[in-house]
Amino acid sequence: MHLSRIELADWRAVHSWASLAQVCRYQTWGPNTEEQTRAFVATAVEAWSHTPQQRFAFVARVDGDTVGMGELHVRNRGQRQGEITYAVHPEVWGRGVGTAIGTELLARGFKDLGLHRIYATCDPRNLGSARVLGKLGMTREGRHRHTALIRDGWRDSDVFSILEDEWRAGTAQPPGSGLGHVHEA
C-alpha cells in the first residue's frame, strides 16, 4: 500500500466507495452523488495549493488500484495540533488498509510537519474504525455527545489521540519494516 496526492482523475475511484451507504453510515456526508464526489475531490486537490497548507489529501493504492483515502488536517499550527480521517473501500475492509493509511498520515504529521498531537474521532458504533485507531497507538480520550446530526439521529464522537513522544516510542522499528510510503507526485 502506498499513498499519493489525490488528483482530479481519482474521483471515480473515490466515488466507488463514497456512494455506498455502509461506508458513510456514521458520517454527515453521503451516500454521494457523482457531482458531490467530484466537488469533494476538486476541493481536496485545490487544498494542495494553499499557503500555508492546512489539508493534505491522499489516495491509497494497492497494486495500482485506489482502495481508500486519508487526510491530514492541520487544525492549529501554533499549538501543533492535527486531525486524521480516512475511508476505505469495503472490498478491502479487514486487510490492514485503514491502519496503513493512518500510519502514513501520522508519520507525515509528526516527522514532516512537526505536530505535537494528532487526533481522530469516530462514532462509538463504528467498532472497525475504533480498532484501527487503537492499532495506531492512539488513546481514547473520551466521548463528545451529539456532535453531528446524521441520517439516524444525533451522533456521538469518541475522541482518540496520540502525542509525538508516544508515536516516536511506538515507531522504533528495524529499518525496512514500514508498511508503505507516501508519494507526493
Side-chain angles (χ1 to χ4, degrees), residues 1-20 23-62 64-89 92 97-123 126 129 132-133 136 138 144 147-150 155 157 159-162 164 167 179-185:
M1 193 279 323
H2 71 271
L3 295 181
S4 56
R5 283 172 56 161
I6 194 166
E7 299 175 0
L8 291 174
D10 291 319
W11 82 266
R12 283 191 196 282
V14 172
H15 190 66
S16 74
W17 66 79
S19 62
L20 301 175
V23 173
C24 56
R25 176 178 178 202
Y26 303 114
Q27 306 303 322
T28 57
W29 55 268
N32 281 6
T33 64
E34 286 187 1
E35 295 77 28
Q36 290 169 321
T37 301
R38 279 193 201 118
F40 168 80
V41 170
T43 302
V45 168
E46 194 263 337
W48 281 94
S49 65
H50 291 185
T51 304
Q53 189 172 347
Q54 300 291 112
R55 180 182 180 192
F56 302 83
F58 301 94
V59 290
R61 300 186 204 283
V62 174
D65 292 327
T66 301
V67 296
M69 71 171 298
E71 294 192 45
L72 171 63
H73 298 261
V74 177
R75 295 299 188 197
N76 186 317
R77 280 200 188 277
Q79 295 298 313
R80 298 173 42 216
Q81 307 283 312
E83 178 182 15
I84 61 170
T85 61
Y86 50 86
V88 176
H89 197 294
V92 296
V97 174
T99 303
I101 291 169
T103 298
E104 293 297 330
L105 293 174
L106 293 177
R108 171 100 177 152
F110 290 124
K111 285 172 46 179
D112 299 347
L113 299 177
L115 297 178
H116 173 70
R117 176 179 177 269
I118 298 176
Y119 68 92
T121 63
C122 76
D123 186 307
N126 191 344
S129 190
V132 166
L133 298 172
L136 294 173
M138 300 180 92
H144 292 198
T147 59
L149 183 58
I150 62 175
R155 178 194 119 165
S157 291
V159 178
F160 292 77
S161 74
I162 187 167
E164 63 183 320
W167 177 80
L179 290 170
H181 52 283
V182 175
H183 289 278
E184 293 278 337

Test of understanding: with side chain to side chain contact (heavy atoms under 4.5 Å, CB included), list the residues that count as partners of Arg75, not counting sequence neighbours.
His73, Glu83, Tyr119

What one should report as the nearest heavy-atom pair of Cys122 and Phe160 is SG-CE1, 3.9 Å

Let's go through Ile6 and Trp48 carefully: what are the C-alpha distance in whole Å and the side-chain angles of both, what is the deciding distance for side chain to side chain contact (heavy atoms under 4.5 Å, CB included) to 0.1 Å, and is it a yes or a no?
CA-CA 9 Å; Ile6 194 166; Trp48 281 94; 4.1 Å; yes

Separation of Leu113 CG from Ile118 CD1 (nearest 0.5 Å)
8.0 Å

Nearest heavy-atom neighbours spanning Cys24 and Pro31
SG-N, 3.3 Å

Interatomic distance, CH2@Trp29 vs CD@Gln36, rounded to 0.5 Å, equals 10.0 Å

Could you tell me the separation between the CG atom of Leu3 and the CZ atom of Arg5, rounded to the nearest 0.5 Å?
13.0 Å

Does the side chain of Gln27 come within less than 4.5 Å of Arg155's, by heavy atoms?
yes

Would you confirm whether Ser49, through its side chain, and Glu46, through its main-chain N or O, come within 3.5 Å as a donor-acceptor pair?
yes

Spacing of CG belonging to Leu136 relative to CG belonging to Leu105, to within rounding of 0.5 Å
9.0 Å

Run the side chain to side chain donor-acceptor pair (under 3.5 Å) check on Ser157 and Thr147 step by step: do they pass?
CA-CA 6 Å; Ser157 291; Thr147 59; 2.6 Å; yes

Nearest 0.5 Å please: distance from the OG1 atom of Thr33 over to the CZ atom of Arg38.
9.0 Å

What are the two closest non-hydrogen atoms of Val41 and Glu7, and how far apart are they?
CG1-O, 3.5 Å

Does Glu35 CD have over 12 foreign heavy atoms under 6.0 Å away?
yes

Please walk me through it: do Asp65 and Val92 pass side chain to side chain contact (heavy atoms under 4.5 Å, CB included)?
CA-CA 11 Å; Asp65 292 327; Val92 296; over 6 Å; no

Ignoring hydrogens and angles, tell me if any N or O in the side chain of Tyr86 forms a donor-acceptor pair with the backbone of Ser129 under 3.5 Å.
yes

Hey, does Ser4 have a side-chain heavy atom less than 4.5 Å from the side chain of Val59?
yes

Decide side chain to side chain contact (heavy atoms under 4.5 Å, CB included) for Arg25 and Ile150; before the verdict, give the C-alpha distance in whole Å, the side-chain angles of both, and the deciding distance to 0.1 Å.
CA-CA 8 Å; Arg25 176 178 178 202; Ile150 62 175; over 6 Å; no

Distance (rounded to the nearest 0.5 Å) between Leu72 CG and Ile101 CD1:
13.0 Å

Which pair of heavy atoms, one from Arg80 and one from Gly114, lies closest together, and at what distance?
NE-O, 2.7 Å

Side chain to side chain contact (heavy atoms under 4.5 Å, CB included) partner of Val74, chosen from Gln54, Gln81, Gln53, Arg55
Gln54

State, with a plain yes or no, whether a side-chain heavy atom of Met138 is found less than 4.5 Å away from one of Ile84.
yes

Of all the heavy-atom pairs spanning Gly82 and Leu115, show the shortest one and how long it is.
CA-CD1, 3.9 Å

Side-chain contact, heavy-atom cut-off 4.5 Å: Thr66 with Trp17?
yes

Checking Glu104 against Phe58 for the side chain to side chain contact (heavy atoms under 4.5 Å, CB included) test, could you report, in this order, the C-alpha distance in whole Å, the side-chain angles of both residues, the deciding distance, and whether it holds?
CA-CA 10 Å; Glu104 293 297 330; Phe58 301 94; over 6 Å; no

